Amino acid sequence: MLQFFNVTKIYPGSIKALSDISFRVDKGEFVFLVGASGAGKSTLLKLLTREEVPTNGQILVSGKNIVRFRGREVPLYRRKIGMVFQDFRLLPNKTVFENVAFALEICGLSGKQLKERSMYALERVGMAKKADRFPAELSGGEAQRVAIARAIVNNPMLILADEPTGNLDPDNSLAIINLLKEINYTGTTVIVATHDAFIVDSFRQRVIALKDGKLVRDEESGAYAG
Ligand code: ADP
Ligand code: ADP
């Protein structure tokens, strides 16, 4: 499904965020990407979304070298990825339903299909009953559920979550990762960047650990600490 080949990322000012990273993730895998703040987790996700390009190395996703994408290829590629963030990033002036539907509108969908698919995504995360609420009326756990509905509404091949439990209490954190696991069971590949040791140790999934931009550990059923 995706593969990094000797990827190095150096930001302006000679900051080496990632150093010679190689790994492969197969379709349907669930991966925790762990490491201290500054280890390079967000940079790795930004390379996968093509917000950044590597200084060296290649990245294959579904057989395509995303580093070489030009122009329209980038937005078309991004539609196949669902993204979830620590701070939810819901649009405050749109309702829950509109936040989810907007992701489909961008892809040219409208009418009955848009309504049905948006409501189905909200049902999957248990938020259909709050479709007409605004983000400010939601708890953190609820807001993150809506963000997950928005991420899955396009049926993405890949979901990337950057510290999705960073603003949640332990119960809501477990619920959100359980939800991502449920989505993963249906075949979607999921990568969760986190420094939440409680979550990683609770779920025991594949763990890829970064330290100072280097890949220092890659384990099946791993723990947060090596
Ligand atoms: P993490 O997500 O694990 O906290 P990041 O990928 O955000 O790590 O950061 C890795 C390193 O790259 C850090 O030293 C950080 O300061 C640096 N960095 C991240 N983004 C930029 C940027 N846009 N410009 C310069 N340095 C950056
Ligand atoms: P949690 O226990 O997850 O921290 P909260 O105590 O923040 O949740 O919220 C509990 C419930 O109250 C949620 O169902 C949420 O939708 C609702 N709620 C929270 N804040 C508001 C608000 N400002 N206006 C209306 N409903 C709210």
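Being a predicted model, the structure only gives us computed values, none of them experimental. In listed order, ligands and their atoms are each counted from 1.
- The main-chain N or O of Leu158 is never found under 3.5 Å from a side-chain atom of Thr188 such that the two would form a donor-acceptor pair.
- Within a 6.0 Å radius of OH in Tyr11, more than 12 heavy atoms belonging to other residues, nucleotides or ligands are found.
- In terms of heavy-atom proximity, Met157 sits nearest to Ser62 at SD-OG, 3.3 Å.
- In terms of heavy atoms, Lys9 sits closest to Val53 at NZ-O, 2.9 Å.
- Considering CZ of Phe85 and CG of Asp162, their distance stands at 7.5 Å, rounded to 0.5 Å.
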Quick check for students: name every N or O atom pair between ligand 1 and the protein closer than 3.5 Å, with distances.
residue: ligand 1; atom: 2 (O); partner: Ser42; partner atom: N; Å: 2.8
residue: ligand 1; atom: 2 (O); partner: Ser42; partner atom: OG; Å: 2.8
residue: ligand 1; atom: 3 (O); partner: Ala39; partner atom: N; Å: 3.2
residue: ligand 1; atom: 3 (O); partner: Gly40; partner atom: N; Å: 3.0
residue: ligand 1; atom: 3 (O); partner: Lys41; partner atom: N; Å: 2.9
residue: ligand 1; atom: 3 (O); partner: Lys41; partner atom: NZ; Å: 2.9
residue: ligand 1; atom: 4 (O); partner: Gly38; partner atom: N; Å: 2.6
residue: ligand 1; atom: 6 (O); partner: Thr43; partner atom: N; Å: 2.9
residue: ligand 1; atom: 6 (O); partner: Thr43; partner atom: OG1; Å: 2.6
residue: ligand 1; atom: 8 (O); partner: Gly40; partner atom: N; Å: 3.1

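- Side-chain N or O atoms of Asp212 include none that pairs as donor or acceptor with a backbone N or O of Ala39 at under 3.5 Å.
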